[in-house]
*Asks:* 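Before we start, here is the structure in question, set down as structure tokens.
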2 protein chains.
Amino acid sequence: MRIMGATIKDVARVCNVSIATVSKYLNGGNVREENRINIERAIKELDYRVNNFARGLKINRSMMVGIVVDSITNMFYTSIISIIEDCLHTKGYSSIICETRRQEEIRNEKLDFLLNKGVDGIIILTTNITKEQLEHYINRGVSIVVIDCVVNEADCDFVTTDNISGAYQATEMFILKGHTKIAIITGEDKEFSAAERLKGYRRALDDYDIPVCDHLIFRDSYDLEGGYKSFKKLVENKGCTAVLISNYYMAVGAVIAVNEENINIPGDISIICFDDLELSKVFKPKLTSVSQSTAEIGNEAVKLLLSRIDGSNSGCRIVRVPAKIIVNNSIKKMY
Amino acid sequence: MRIMGATIKDVARVCNVSIATVSKYLNGGNVREENRINIERAIKELDYRVNNFARGLKINRSMMVGIVVDSITNMFYTSIISIIEDCLHTKGYSSIICETRRQEEIRNEKLDFLLNKGVDGIIILTTNITKEQLEHYINRGVSIVVIDCVVNEADCDFVTTDNISGAYQATEMFILKGHTKIAIITGEDKEFSAAERLKGYRRALDDYDIPVCDHLIFRDSYDLEGGYKSFKKLVENKGCTAVLISNYYMAVGAVIAVNEENINIPGDISIICFDDLELSKVFKPKLTSVSQSTAEIGNEAVKLLLSRIDGSNSGCRIVRVPAKIIVNNSIKKMY
DNA sequence: TTGAAAGCGCTAACAC
DNA sequence: GTGTTAGCGCTTTCAA
């Protein structure tokens with residue numbers, strides 16, 4: 001059982017003032033200089049801390065934000081969460097991080113839990129959520145911002161990388177280096193960014209009058225496993241000279257396959273992958289990658305959420321953070 | 001502002017019973033069958049949820065556990081956290097994850113925050129914490145379990161890998177393959193596991209009558225940067241045929257150096273690193289590694305914490321989880 | 001088995 | 001600027 005510390009009453013008694021005065025001091029109101037000094041001293045001496053349960057009960061606000069993430073071992077997400085935490089902290093908010101393991105029931109459980117804890121807002125990091133699920137929680141009066149996917153017509157905000165442009169730039173880079181047989185490894189349509197990146201890839205080929213071939217589009221689960229299997233298939237096909245890998249963990253899987261098959265990069269095949277995390281630095285040659293700005297994504301998400309909590313905003317805002325190519329040595333010149 | 005849902009009063013009114021009866025039902029007490037059915041229906045209809053602030057205020061217990069971690073992008077830690085979360089969940093507890101970015105002030109802030117939130121216990125994942133810091137919080141009445149380091153004479157529990165044995169086994173493996181000039185790249189003494197692993201390395205050399213050479217012991221910051229710099233130095237020295245790298249992120253840094261220097265593994269130098277995370281699978285050849293059981297560590301930590309919260313335990317318990325070698329292809333036979 | 005009532009620690013409206 | 005007080009939603013004691 002937790003030890004119960006001093007209460008506002010104790011502070012008031014020691015200072016010979018009413019609890020209202022102490023409360024006012026605590027909440028930034030004006031008190032006489034003399035009282036201020038006394039109160040501050042008493043707080044220190046008694047090691048007084050406000051009881052969050054009592055305060056929360058009274059004001060029905062917690063200054064807490066929930067963060068709900070598909071997987072807590074996903075470095076792209078944890079990089080963003082680290083930014084979010086820091087950013088919230090400077091605004092006086094703290095955060096509760098929950099993992100869903102990509103299971104909808106668990107996600108709902110965690111969202112319920114957060115609402116019960118009285119969080120003022122929730123940031124969800126996922127590639128895959130439905131309008132219905134969002135609305136269920138929005139209707140319960142909590143502000144929500146979603147990172148890494150967009151759902152139309154929901155009363156919340158969204159932050160994602162400009163996936164289409166990122167994939168477009170990558171594909172274009174292959175084309176400009178003389179590639180025409182360009183493959184893509186990506187996730188299924190239900191994964192928001194997977195679908196968008198495929199769109200960018202298609203659009204670039206279109207713009208350069210290169211036919212889009214179905215047999216160069218490899219789709220599988222949006223993870224290491226899927227990347228591994230897709231790359232193995234791609235190698236069997238022998239139909240391409242370059243491949244865009246549309247997510248970090250798929251790239252990890254692909255690299256495992258590259259090693260097993262003794263493939264030379266970029267001699268045998270050129271690669272661009274999404275996210276310049278560890279892999280792109282550790283692999284030899286260093287991988288050219290599409291970099292998403294985790295800092296910008298995190299900051300934007302917090303900005304949107306807080307303006308929503310303030311009540312100064314509603315409706316559906318969508319922020320697209322630009323992607324940029326980090327050039328390394330995994331692309332062969334074909335001319 | 002959050003929408004306020006139905007309260008226990010509403011449920012009582014709808015059911016024509018007192019709030020005491022509803023409360024009893026809520027907390028697993030006995031109520032008449034008829035009332036039970038009514039209450040359950042009313043709860044569903046009103047979408048009633050207990051207010052955690054009110055309950056917490058009353059019982060001064062939250063069924064929440066705080067998790068305080070050096071870095072939330074550290075995959076070794078997040079793997080453990082994922083297990084902990086799951087395990088706590090099955091016991092009816094939920095968790096609040098906080099990141100410290102390895103800064104002591106931030107850690108204290110987060111610990112204060114967690115205490116203010118009324119958590120029933122705290123799990124700290126770190127390589128580096130002082131007895132004083134621990135005691136400060138233990139004295140405030142919260143149960144603490146520390147993962148990844150051990151501090152003597154503190155009234156809390158500790159879970160770590162058997163680092164000494166892990167490093168011993170790795171060093172021994174080098175020796176048995178005919179290596180005698182074996183280096184180690186590790187962190188400074190303040191990092192608990194760094195110091196222990198160095199101890200294991202020394203002990204193995206001792207046991208096989210191989211002299212321990214100071215110029216083969218490379219110590220730097222316990223991260224990517226430190227691994228990178230250490231490996232560069234090691235290469236300049238040209239004094240060894242094998243190296244044990246004592247932490248995952250140091251290994252990532254070392255591999256970046258390996259690539260830059262065009263070093264052949266294991267032709268030029270043999271490597272064993274700690275943790276069989278992504279790197280050891282993605283690098284070619286696959287790296288032989290010392291595997292720590294994140295599952296066992298997480299489960300043990302939760303078990304210890306809950307038994308402490310129950311009050312059924314106190315004192316200082318230390319659990320050592322065995323390490324095991326995952327054999328791959330980064331070691332050259334020297335005979 | 002049930003209900004009335006006290007009170008957890010705090011905030012805020014109101015009177016001074 | 002300060003104090004009095006009601007009441008947030010809940011648990012729990014005590015009496016019925």
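Nothing here was measured: the structure is a model prediction, and the numbers come from that model. All values below come from the heavy atoms of this structure, side chains included, with hydrogens, waters and symmetry mates left out. Proteins get letters first, then strands, A, B, ... in listed order; numbering begins at 1 in each.
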*Asks:* Name all residues meeting the side-chain hydrogen bond (donor to acceptor under 3.5 Å, both in side chains) criterion together with A/E296; count only those two or more places apart in sequence or in a different chain, and write none if there are none.
*Replies:* none
*Asks:* Using only heavy-atom distances, decide whether a donor-acceptor pair under 3.5 angstrom links the side-chain of B/K58 to the base of D/dG9.
*Replies:* no
*Asks:* For residues 145-154 of chain A, please give each side-chain donor-acceptor pair under 3.5 Å, one per line with the distance, not counting sequence neighbours.
*Replies:*
residue, atom, partner, partner atom, Å
A/D148, OD2, A/Y77, OH, 2.7

*Asks:* In chain order, what residues pass the side-chain contact (heavy atoms from CB on, under 4.5 Å) check against A/A54, with sequence neighbours excluded?
*Replies:* A/N51, B/L57
*Asks:* Expressed in angstrom and rounded to an integer, what is the separation of A/Y25 atom OH from D/dG3 atom C1'?
*Replies:* 19 Å
*Asks:* Short of 4.0 Å, heavy atom to strand atom, which residues of residues 27-48 of chain A count as contacting DNA chain C?
*Replies:* A/N27, A/Y48
*Asks:* For C/dT2, does either OP1 or OP2 sit under 4.0 Å from a side-chain N or O belonging to B/T21?
*Replies:* no
*Asks:* Among all residues two or more places apart in sequence or in another chain, which pass the side-chain hydrogen bond (donor to acceptor under 3.5 Å, both in side chains) test with B/T78?
*Replies:* none
*Asks:* I want to verify a distance call: between C/dA4, D/dT2, C/dC10, whose nearest atom is closest to the A/V50 side chain?
*Replies:* C/dC10
*Asks:* Separation of A/K24 atom NZ from C/dC10 atom P, in whole Å?
*Replies:* 16 Å
*Asks:* Rounded to whole angstrom units, what separation is found between the CZ atom of B/R13 and the C1' atom of C/dG3?
*Replies:* 17 Å
*Asks:* From CG of A/N16 over to C1' of D/dG3, roughly how many Å is that when rounded to an integer?
*Replies:* 13 Å
*Asks:* Hey, which of these two, A/R49 or B/I19, hits DNA chain C nearer its 5' end, going by closest nucleotide?
*Replies:* B/I19
*Asks:* From C-beta outward on A/A20, which listed nucleotide comes closest to its side chain: D/dG3, C/dC8, D/dT11?
*Replies:* D/dG3
*Asks:* Determine to 10° how strongly the helix from C/dT1-D/dA16 to C/dC16-D/dG1 is bent, judged from the axes of its five-pair ends.
*Replies:* 30°
*Asks:* Give the nucleotide from the list C/dG9, C/dA12, D/dT11 with an atom nearest to the side chain of A/L57.
*Replies:* C/dG9
*Asks:* State which residues pass side-chain contact (heavy atoms from CB on, under 4.5 Å) with A/S95; sequence neighbours excluded, sorted by chain then number.
*Replies:* A/I67, A/E85, A/L88
*Asks:* Rounding to an integer number of Å, can you tell me how far B/R61 CZ sits from D/dC10 C1'?
*Replies:* 16 Å
*Asks:* Which whole-number value in Å describes the distance from B/N51 CG to D/dG7 P?
*Replies:* 18 Å
*Asks:* For A/R36, which residues count as a side-chain hydrogen bond (donor to acceptor under 3.5 Å, both in side chains) partner, sequence neighbours excluded?
*Replies:* A/E33, A/E40
*Asks:* Closer than 4.0 Å, any side-chain N/O of A/T7 to the OP1 or OP2 of C/dG9?
*Replies:* no
*Asks:* Taking the side chain as every heavy atom from C-beta outward, state whether A/Y93 and A/V302 have any pair of such atoms under 4.5 Å apart.
*Replies:* no
*Asks:* Go through C/dG3, C/dC10, D/dT11 for me and flag the one nearest to the B/S18 side chain.
*Replies:* C/dG3
*Asks:* Is it the case that over 12 heavy atoms from other parts of the model lie below 6.0 angstrom from the NZ atom of A/K9?
*Replies:* no
*Asks:* List the residues meeting side-chain contact (heavy atoms from CB on, under 4.5 Å) with B/V50, not counting sequence neighbours, and say none if there are none.
*Replies:* B/L26, B/Y48, B/R55
*Asks:* Could you check how far CG of B/N52 sits from C1' of D/dC8, rounded to whole Å?
*Replies:* 15 Å
*Asks:* Send over the distance from A/I59 CD1 to D/dG9 C1', rounded to a whole Å.
*Replies:* 15 Å
*Asks:* Between A/N52 and B/F53, what is the shortest heavy-atom contact and its length?
*Replies:* O-CD2, 3.9 Å
